[in-house]
Asker: 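First the structure, then my questions, so here it is.
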Number of protein chains: 2
Amino acid sequence: MMAKKRVSIKDIAKKLGISITTVSFIINGKAREQRISEELIKKVQDYIDEIGYKPNHVAQSLRLGKSKVIVFMAEDISNQFFASIARLIEEKAYQNGYKIIYCSTDNDHEKAKELISTFKMRNVDGFIITPTPNLEKDIKNLLDEGFPVVLFDRWIPDVSCSHVIVQNEESAYQGTMHLIEKGCRNLCFVSVMSTQSQMIDRARGFRKAAQDSNVDYQECLLKFHNLAEIEPYEKLLEFFEQRPGIDGVFFATNYLAFEGLQAMGVLQRQVPEKLKVVSFDDHYFFNLYKPKITAIEQPLEMIAEKLMETMLEHLGELDKVYKPVKVVLANRLNERESTL
Amino acid sequence: MMAKKRVSIKDIAKKLGISITTVSFIINGKAREQRISEELIKKVQDYIDEIGYKPNHVAQSLRLGKSKVIVFMAEDISNQFFASIARLIEEKAYQNGYKIIYCSTDNDHEKAKELISTFKMRNVDGFIITPTPNLEKDIKNLLDEGFPVVLFDRWIPDVSCSHVIVQNEESAYQGTMHLIEKGCRNLCFVSVMSTQSQMIDRARGFRKAAQDSNVDYQECLLKFHNLAEIEPYEKLLEFFEQRPGIDGVFFATNYLAFEGLQAMGVLQRQVPEKLKVVSFDDHYFFNLYKPKITAIEQPLEMIAEKLMETMLEHLGELDKVYKPVKVVLANRLNERESTL
DNA sequence: TTTAACTGCTAAAAGGTTTTATCTAAATTA
DNA sequence: TAATTTAGATAAAACCTTTTAGCAGTTAAA
């Protein structure tokens, strides 16, 4: 099964009895500029169409130092949120002639570091990253070396890097206020122990709402450092069993909410009659579940759009000193208590 | 923000006052074979370690004609099933020095065709594909040109191509039998109108089980050609409203089951007391939903493992005539009626 | 003594582009 | 008439590797 040799610009030149340079100029639309005769332009173009020549991207990459590849480093590509973003940026990338290589960091600093170094030498043109803890230095290096980088989902305060995030604090505040308005007086915030900006902001929003309203609250932070170190379900079961007074729970992410809802079912806590729930990160199932669950929906399309917009902007500005672009998007609270 | 020029093999050679060739041999572990002196080997290696030289993969690709990139063409990367597979093959690909570029076909022949042609000229080393309808010719071309191709989720009978699929017919049979054993006597098969092998096989398994057991059955096939052409929820609502006698439903995919369950809720059909449900493609949510839903679980890890195993095997055998590898994996029926 | 093989290393080609500098002949300008 | 410009093209370098063929000097085999 021999792979036929692909036609190169050289073959075309030889066949047509002209120079490689001329062919290249014509292919790249620089023919007029280089005063190639209309006659020759047509002849070459016709031949190219006839044989269906396509330039070798690897050779182009080598010559130009650009690969038309963007790397998408998510925490976990199989997570619904990241998979959705992946899908959406794919569209825009391909429209602009870029391909996307993906990889998952597992939120592990070492792994992320290694991935970054691998991709640097791959001549990728840009990085879209959900930064892991302690990645500041590596991001900084990347920027210093002139790579376009756009962070999302979370950001790093110490580094001046473009990012696209959402209003975590504001939305957590709003979601918590929603619980209070519905009558909750003994709140609980369920999250993972994390130094990530989005988690910290969500916690802050929750606390502020509880304090502003003079409502009792507590926090349940699960350790998630080494993956599967702890079973969130069992931990939550234990936590809520010991605290029957809680009447409103704010989950910082949807997967925590799923586990929490399981626990509520087992503990016979009636949702939403006895205990109301709000979760960050809306999900198809919150609408399907009985009862429907109120959740904060992130603007996925907008995130993806801004991510690629920012990336493409930076890609165009390569070699210039570019100013970081910082985008903060609003979320939507989908109230579902009334709709059963 | 100037990108510093990366060190090349040439720089090393000049710095050390030796030839490029020698450096290359040492880097590629061919030093002994080429009888380079131990002394020189050490000197070069030490220097390389010191400056942290990494070879330019683009130049290597050009020279070797291999890119160490595999393209993963799924129907929709944001779909939980495909996203999970993506995650799993990522592991194995990276372990073997391969990167993965993803793209989504939307099950659209034209789009898939275009993507394939784009990637061909990108010098990708291999293709993992969920084939769209009418893709036979393009797959065949790919194979003729010597590209390793592995299909999954579905396959194409007319083309002799490696693939990794599951026992669709057998599992559909088993799932249907499960409904019958639980007492269902008026079955319904819900699927999409499709010529894809996996859908056809699932339908066949369902029918066979119903016929073997002499049980009444009907089929509800939704049109899904142009995406969003029809709202499955509304269609299902109407369908089941008109057929109150149905007491067992087999959903061919999980997203149909989700929509169907919504409809059952609205129609006040008690699941599982009055109407039992089995779905293909298990999902986290089937275990969370009340009642829990019985479903057929595909062996994701195994699929991913076999996919990459087959791909790597083919990649090693390039330029040889290789025999297609055909893997068919068993699924697991997760019965959940009793566990509430 | 001639031939063959080994030693330790290197020059140069090849892979397919893009782009700068340059060429010749014809046309224009001074 | 001489000097300059223009038109229409091209040679060759550069991007960074890998690999084949070969160098000159020495040693072993025939």
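Within every chain, numbering begins at 1; the chains are lettered A, B, ... in the order of the sequence lines, protein sequences first and strands thereafter. Note that these values count all heavy atoms, side chains included, but never hydrogens, waters or copies made by symmetry.
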Asker: How many Å lie between CG on A/Asn123 and P on D/dT17, as a whole number?
Answerer: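 Checked: the CG to P distance equals 10 Å.
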Asker: Checking B/Glu75 against B/Ser104: is there a side-chain donor and acceptor pair closer than 3.5 Å?
Answerer: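 There is no such pair (donor and acceptor under 3.5 Å, judged by atom type) between the side chains of B/Ser104 and B/Glu75.
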Asker: Does a side chain donor of either A/Ser78 or A/Asp76 reach within less than 3.5 Å of an acceptor in the other side chain?
Answerer: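 Judged by distance alone, the side chains do pair up.
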Asker: Report the distance from atom CG of B/Leu312 to atom CG of B/Leu307, rounding to the nearest 0.5 Å.
Answerer: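 Between atom CG of B/Leu312 and atom CG of B/Leu307 there are 10.5 Å.
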Asker: Relative to the ring of A/Phe147, is the ring of A/Phe127 parallel (under 30°), tilted (30 to 60°) or perpendicular (over 60°)?
Answerer: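 If you compare the ring of A/Phe127 with that of A/Phe147, the planes turn out perpendicular.
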Asker: Regarding B/Thr21 and B/Ser24, do their side chains bring together a donor and an acceptor under 3.5 Å, going by distance alone?
Answerer: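 B/Thr21 vs B/Ser24: no donor-acceptor pair found between side chains.
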Asker: Honestly, is B/Lys15 close enough over B/Tyr47, meaning NZ or CZ under 6.0 Å from the six-membered ring centre and within 45° of the axis?
Answerer: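 No, B/Lys15 and B/Tyr47 do not form such a contact.
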Asker: Please give, in whole Å, the distance from C/dC9 P to B/Arg32 CZ?
Answerer: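 Distance, rounded to whole Å: 12 Å.
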Asker: To the nearest 10°, let me know how far the axis at one end of the helix from C/dT1-D/dA30 to C/dA30-D/dT1 is tilted from the axis at the other, five pairs an end.
Answerer: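 Answer for the end axes of this duplex: 60°.
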Asker: On the nucleotide C/dT10, are OP1 or OP2 found under 4.0 Å from the side-chain N or O atoms that B/Thr22 carries?
Answerer: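 Affirmative; the distance criterion is met.
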Asker: Whole Å only: how far is the CD atom of A/Glu38 from the P atom of D/dA7?
Answerer: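 A/Glu38 atom CD is separated from D/dA7 atom P by 13 Å.
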Asker: Spell out protein contact along nucleotides 12-25 of chain C as letters: B when the base is contacted, S when just the sugar-phosphate is, - when no protein heavy atom is under 4.0 Å; keep the 5' to 3' order.
Answerer: BBBBBBBBB-----
Asker: Could you check whether any side-chain heavy atom of B/Val71 comes within less than 4.5 Å of a side-chain heavy atom of B/Ile100, counting everything from C-beta outward?
Answerer: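 No. Closest side-chain heavy atoms not under 4.5 Å.
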Asker: Please determine whether a side-chain nitrogen of the Lys or Arg among A/Asp106 and A/Lys111 lies less than 4.0 Å from a carboxylate oxygen of the Asp or Glu.
Answerer: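 A salt bridge is present here (some side-chain N lies under 4.0 Å from a carboxylate O).
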Asker: Whole Å only: how far is the CG atom of B/Asp11 from the P atom of D/dC16?
Answerer: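 Whole-Å distance recorded here is 8 Å.
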